[in-house]
J.: 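What follows is a single structure, and I will ask about it in a moment.
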Amino acid sequence: MAGSAELLKFCAMESCVDPSFWSGLASRKLDEYQLSEAPVEITGYLTASRHTEVPSQLLLTGSSFEGPGARSSQGSHALPGRLVNFNTQENFARADAKGQMREAAARIWADIRSGAAEADPSLLSRFFVLAFGDLKRYDFTYWFAFPALKPPAPFTQLACTPLSEWAPGGAAERIAAAADAWRGLSPGAAAAAAAGSLPPPPFCLLSVAAAGGEARALPLAEWEAGGGAAAAGAGPDGAAGAGPRLLVCMSDPSHLASVPGWPLRNLLLLAAARWRARRLSVLCVRDARGRCDAARSFVVDVNLPELPDGWGDAAGDAAAGAPDAVGWETNVVGRLAPRRVDLSNLMSPAALAEQAV
Amino acid sequence: KVAEAALPPLSQSKFDEKRVLTPQEFVASGDYLVRTCPTWSWEAGEPSKAKAYLPKDKQFLVTRNVPCLSRASELERYDPSSEFALAGDDDGWTATHRDPAADGGGGSGGGGGGGEEAIPNIEDEEEEKEEEEASSRGGAGAAPAAAGDDGDIPDIEDLDLEDDEAAVPSRPAAAAAAAAATSSGGGGGGGGGGASATIKRTRTYDLHITYDQYYQVPRFWLVGYDEARAPLSPAQVMDDVSEDHAKKTITLDPHPHLPLSAASIHPCRHAEVMKKLADNLVEAGREFRADQYLVLFLKFIASVVPTIQYDYTLSVGGE
């Protein structure tokens, strides 16, 4: 397989906005934000894909306004986001969408370069949403963006192997158990993850012993210490080393076979920019019945492009010295356009009164 | 609601004789469910609607984004026993579900009839007729959803089509719809209607379990979405409920913890059914503890919503 590298593709991200988010927005708009259109920091929640039929979606709920520790749901990761809520439909339509994207991309790029994203990998998956709510009609228009920075040359994939084959025998189970422990899903961890504690980061490293597949999770920041440099420097047949193998591990929201989810894009760029890695093995964790499933999860070996010195600075205007970014969510019919939800039959007092009889 | 205000929540366990739960037992049972099956998690809901007799951050249970590939009414020759064989369970309690076929001839009609009535008997001969009805109802229900995406969404400054060869649409449906939209002239919002025909109707559900103080049992809620994540109307939700229940036991009520109304399975017979299931377990020599209540409850619910693929395969009875 080595050598025949093909373009690595990523499953687009989907949003899912709970009605409780819109009702929270409506009350905050009236009591707190009023006419302000200043961005509001919010939190989105993402889990690994749990079903083969549908991807996991970035979830916003009423607790999205209350900071990353507000909702402690097992196996879910808190991602930082921004809500820009407009006062009028006209303002929404005139929104500087490209500018917002550039700004978000610049923040992500800065966090990658400064090392902030290594310390807190959720920063790689920043998202933002432009919104306008007609509060009288319980009608909301919104547009999500999940910025993914584009590398100078595409990422390519060398191989893609189900975890159960990549680590035969009991090793796959041990790796899966380590991935679950990291996400707070091991039986003992449930009690420890009390309310208020921060959810686990969406990425980590897994150090897998060459013999037996004994695995343990490390934070991303321990790439050097964990022996990542040696692994990444190895040639295409780099698996030969006797030391432990270092995998990047991701809670993968994608449900498509052998297609990793969107969040991996910025992580790969981090690996290329910060670790100068040219090759990376990524474990995409997917679940069955709420735990890592060795049959669905897979390891993808990725070739990373070399980033020329100063790449990303020279991108042109100084205001947004960052690589180009993509990642607008498509609407219902697959166009790049806003989505809309009408909650009048769920939220209007009149409708509620009628149903309550 | 008035009764709820006047009646204090159950404080003494009646689990053994009546198979109902105190709030404390509900929480213990929820903790057990969350621990053994991490797809479920506790939620707090609207703070203003929080019940004082439940912990603040453990008001109700949720599992989200559960796929539902086909309508219950489309299930041909639905065979409950195959469903449970899949669950890898042995015979113990499933007997209840197989037996009703025997009383299915007459029993399922009576309004206030026997206790079996709350257990669906889907192998009814009437099924075919109902199926037709349901599919026409489903068709009508789908129309507004397709029309929902129409021209008056403001277009933000035209983004140049993103040049991104590395992106894959998350669902084939989206690709098909996009293709349809382009071929139909790519005007404002014209694509919606034409595309709907090609979309496979993979719905998703958020499933909630709340505690019903009046009946002292868990209550099961269904919040459905179509493939475009637009909320389903109550009539559409009925497509995913077995016919017997769609007519009798599903009601639309205000959600006790959220600012919305949703379909739920009315809890008035839950204790009865749970007692039957539990008795069967005990008869088969298995233990049934209060903290396993919800696990057993979910198995019962699976017969009401046969096509919603949540995980009800945990075993009960000290294995």
Side-chain angles (χ1 to χ4, degrees), chain A residues 7-14 16 19-20 23 50-51 53-57 59 62-63 71-75 89 92-93 95 97-98 130 141 143 150 154-155 185 187 190 195 254 256 259 289-291 326 328 330-338 340-343 345-347 352 355-356, chain B residues 34-35 37-46 57 62 64-67 69 148-149 153-157 159 161-171 174-181 191-192 195 202 204 206 223 225 228-231 233 252-254 258-262 309 311 313:
Chain A
L7 184 68
L8 179 60
K9 298 195 175 196
F10 305 88
C11 177
M13 190 90 142
E14 280 186 29
C16 159
S20 62
S23 91
R50 288 173 164 168
H51 303 277
E53 298 87 357
V54 289
S56 277
Q57 300 155 321
L59 173 70
S63 58
R71 184 172 173 276
S72 64
S73 157
Q74 292 181 87
Q89 189 155 325
F92 179 86
K98 282 180 180 164
L130 311 178
T141 307
W143 203 359
K150 291 181 79 175
F155 303 115
L185 289 173
S254 162
L256 301 173
V259 181
R289 299 182 190 175
R291 296 187 205 282
V326 291
W328 290 98
T330 57
N331 70 0
V332 175
V333 293
R335 286 179 61 223
L336 284 174
R340 182 174 158 194
V341 60
D342 174 3
L343 294 177
N345 59 347
L346 295 180
M347 284 170 67
L352 290 184
Q355 289 157 3
Chain B
V34 166
R35 203 162 55 236
C37 183
T39 50
W40 288 92
S41 57
W42 284 108
E43 300 246 334
E46 293 268 292
D57 56 342
V62 178
R64 290 178 190 275
N65 197 30
V66 179
L69 300 186
D149 179 59
I153 294 185
D155 258 344
I156 295 193
E157 66 165 280
L159 287 179
L161 268 186
E162 286 190 340
D163 175 23
D164 184 17
E165 75 246 352
V168 181
S170 52
R171 306 176 192 224
T202 301
T204 51
D206 293 348
V223 182
Y225 302 87
R229 203 60 204 183
S233 72
L252 187 70
D253 288 295
L258 294 175
L260 54 85
S261 289
Q309 306 184 339
D311 182 11
T313 58

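Chain letters run A, B, ... following the sequence lines, proteins first and then strands; every chain starts at 1.
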J.: Please state whether the side chain, the backbone, both or neither of B:Glu43 comes within less than 4.5 Å of a heavy atom of chain A.
T.: side chain

J.: Please verify the inter-ring angle class for A:Trp328 with A:Trp143; under 30° counts as parallel, over 60° as perpendicular, anything in between as tilted.
T.: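 If you compare the ring of A:Trp328 with that of A:Trp143, the planes turn out tilted.
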
J.: Top residue by heavy-atom pair count (under 4.5 Å) with chain B, among A:Pro154, A:Ser56, A:Ser23?
T.: A:Ser23

J.: Looking at residues at least two apart in the chain, or sitting in another chain, which of them share a salt bridge (charged side-chain N to carboxylate O under 4.0 Å, His left out) with B:Asp206?
T.: B:Arg64, B:Arg229

J.: I'd like to verify something: which residue of A:Cys16, A:Gly62, A:Ser254 has the highest number of heavy-atom pairs under 4.5 Å with chain B?
T.: A:Cys16

J.: Taking A:Arg291 for its side chain and A:Leu185 for its backbone only, find out whether a donor-acceptor pair lies under 3.5 Å.
T.: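 At least one qualifying donor-acceptor pair exists.
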
J.: Sort out for me which of B:Ala167, B:Cys37, B:Ala44, B:Gly45 touches chain A most, counting heavy-atom pairs under 4.5 Å.
T.: B:Ala167

J.: Is the closest side-chain heavy-atom distance between A:Pro338 and A:Leu130 below 4.5 Å?
T.: no

J.: At a 4.5 Å cut-off on heavy atoms, which part of A:Pro55 comes close to chain B: side chain, backbone, both, or neither?
T.: both

J.: Which residues pass the salt bridge (charged side-chain N to carboxylate O under 4.0 Å, His left out) test with B:Glu46, sequence neighbours left out?
T.: none

J.: What's the separation between atom CG in B:Leu260 and atom CG in B:Asp253, rounded to the nearest 0.5 Å?
T.: 12.0 Å

J.: Pick one of side chain, backbone, both or neither for A:Glu14, based on which atoms fall under 4.5 Å of a heavy atom in chain B.
T.: side chain

J.: Highest number of heavy-atom pairs under 4.5 Å with chain B: which of A:Met13, A:Gln57, A:Lys150?
T.: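 Result: the option with the highest number of such pairs is A:Gln57.
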
J.: Tell me, side chain or backbone of A:Leu7 under 4.5 Å from chain B's heavy atoms, or both, or neither?
T.: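 Contact with chain B: side chain only.
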
J.: In the structure I gave you, are the side-chain heavy atoms of A:Pro19 and B:Leu258 within less than 4.5 Å of one another anywhere?
T.: no

J.: Quick one: of A:Val341, A:Leu59, A:Val259, who has the most non-hydrogen atom pairs under 4.5 Å with chain B?
T.: A:Leu59

